[in-house]
Number of protein chains: 2
Amino acid sequence: MKPDARDRLIEGTRELLWERGYVGTSPTAILARSGVGHGSMYHHFAGKPDLVLAAEQRSAALMQQQIAETFAVDGTALDRVSGYLRRERDVLRGCSVGRLTADPDVIADDVLRAPIRETFEVLHEHLRRTIAEGVAAGEFADDLDIDEIASTIAAVIQGGYALSRAAQAVEPFDRAVRGVLALLRASAPHTN
Amino acid sequence: MKPDARDRLIEGTRELLWERGYVGTSPTAILARSGVGHGSMYHHFAGKPDLVLAAEQRSAALMQQQIAETFAVDGTALDRVSGYLRRERDVLRGCSVGRLTADPDVIADDVLRAPIRETFEVLHEHLRRTIAEGVAAGEFADDLDIDEIASTIAAVIQGGYALSRAAQAVEPFDRAVRGVLALLRASAPHTN
DNA sequence: GTCTATAGCCCGATAGAC
DNA sequence: GTCTATCGGGCTATAGAC
């Protein structure tokens, strides 16, 4: 089944938002990328913000599904956190959702900001629950604040992208991930 | 001494880059913000990229100076890392340098990317040296990779901004910072 | 549903007067 | 050095034919 024009428009907008953000994404560029005509776009969507919202919602849904799958595996809590941190990523491309936090027009609008906020909330909840399980299992120190560690881990990913894009190399991202995992392991209750 | 037009142009561009990035910053907006005329701008600068580079270099220099000052204090290594992580920040505004990593036109151009890359290199060097001192003093575990921990700390800051902007609240940033500090403390060699 | 034509405005830059 | 006038092109959107 060939994707229809509406679907191609959302996909093209998703890609452009990911690369260039809201101000950097023009309807003209969206049309060129999705191979759809001008009239078609304004038939399916009220305008740029409406199309952008649809694209954001798809990116957010895909990301939340990917997060859920990453945490829905067997193993220790550290295995699952490590699996999330080390899962395959196009590091230099960055995060399709987190990218939008740089955009003032998106952040200033509660509707356009909602998919981003919700995606980070979903991630936080998965991390929170997993870390709580790790503490209960004696994997992590029980005096750690679960919400703090969850925020730290989420920040390492988002910030790792920034460091790697600045360097145009994946090493800073990989180092940041290995560093936080080493700290998590080292903080484990000592059994001696 | 009243700042001259050249200086006001750089300052206006700096502010707009910080808020809106490269594509979101137009010469017209720069003129309005800096109170300088059109002809004056093209007298002092060859064009938008030239002016943007000058603004980036100022932001980078200010940031590098601030970093140097933050680490040039007395105390333990953990004190200095903590001082850097907890120094006063306009969290919802984000990082004037890190912001630009989202911009494809900046990242794709080695000249426009250089000030960002160098600023993160300077920060990494300060963190690296401080953590090495902490390991030598027995504050941190000696099996930690110094470069990894330095990248983790830098990533927590940059990613913390993203989380906080998504939530439009400072709490995620503050939690991420407290979390990584807790992990650093917990990883310290146990003396019992 | 999709097309072409067109609108009004802003973009980044140049020209030339003063 | 700074000004105003102007350029060609891209932006977001609407109109109306098919």
N/O (side chain, A:His43) to phosphate O (OP1/OP2, C:dC3) under 4.0 Å = no
note: B:Asp50, atom CG; C:dA13, atom P; distance rounded to Å ~ 10 Å
Could you check whether A:Tyr42 and A:His38 have their ring centres less than 6.0 Å apart? yes
Taken to the nearest whole Å, CG/B:Asp7 to C1'/D:dG1 is 16 Å
Side-chain contact check for B:Ala5: nearest option of C:dC11, C:dT2, D:dT2 is D:dT2
In whole angstroms, the gap separating P of D:dC3 from CE of B:Met41 amounts to 13 Å
Quiz item: Which part of the nucleic acid, if any, lies within reach of B:Thr28 when heavy atoms closer than 4.0 Å are counted: base, sugar-phosphate only, or nothing?
Solution: sugar-phosphate
With the side chain defined as heavy atoms from C-beta on, B:Ser26 is closest, among C:dC11, D:dC3, D:dA13, to C:dC11
Looking across every strand, which nucleic acid part, if any, lies under 4.0 Å from A:His38 by heavy atom: base, sugar-phosphate, or nothing? base
Report which part of the nucleic acid B:Gly39 touches: base, sugar-phosphate, or nothing (heavy-atom distance under 4.0 Å, all strands).
-> base
When rounded to whole Å, the CG to P distance for the pair A:Leu31 and D:dG10 reads 14 Å
Among the nucleotides C:dA13, D:dT12, C:dT2, whichever has the atom closest to the side chain of B:Lys48 is C:dA13
Between CZ of A:Phe45 and P of C:dG1 the distance, given in whole Å, is 13 Å
Is any side-chain N of the basic residue among B:Glu69 and B:Arg87 closer than 4.0 Å to the acidic one's carboxylate O? no
A:Arg20 CZ to D:dG10 P, in whole Å, measures 14 Å
Winner on side-chain proximity to B:His44, out of D:dT2, D:dA13, C:dA13, is D:dT2
Legend entry - Worked check of side-chain hydrogen bond (donor to acceptor under 3.5 Å, both in side chains) between B:His124 and B:Asp147: CA-CA 8 Å; B:His124 189 88; B:Asp147 282 307; 2.8 Å; yes
Winner on side-chain proximity to A:Pro27, out of C:dT2, C:dG12, D:dC11, is D:dC11
Q. Heavy-atom distance under 4.5 Å between the side chains of A:Tyr161 and A:Arg89, does that happen here?
A. yes
Only one of A:Val106, A:Thr119, A:Val111 passes side-chain contact (heavy atoms from CB on, under 4.5 Å) with A:Glu56, and that residue is A:Val106
note: B:Leu51, atom CG; C:dG12, atom C1'; distance rounded to Å ~ 12 Å
Rounded to whole Å, the CG-C1' distance (B:Leu9 to D:dG1) equals 12 Å
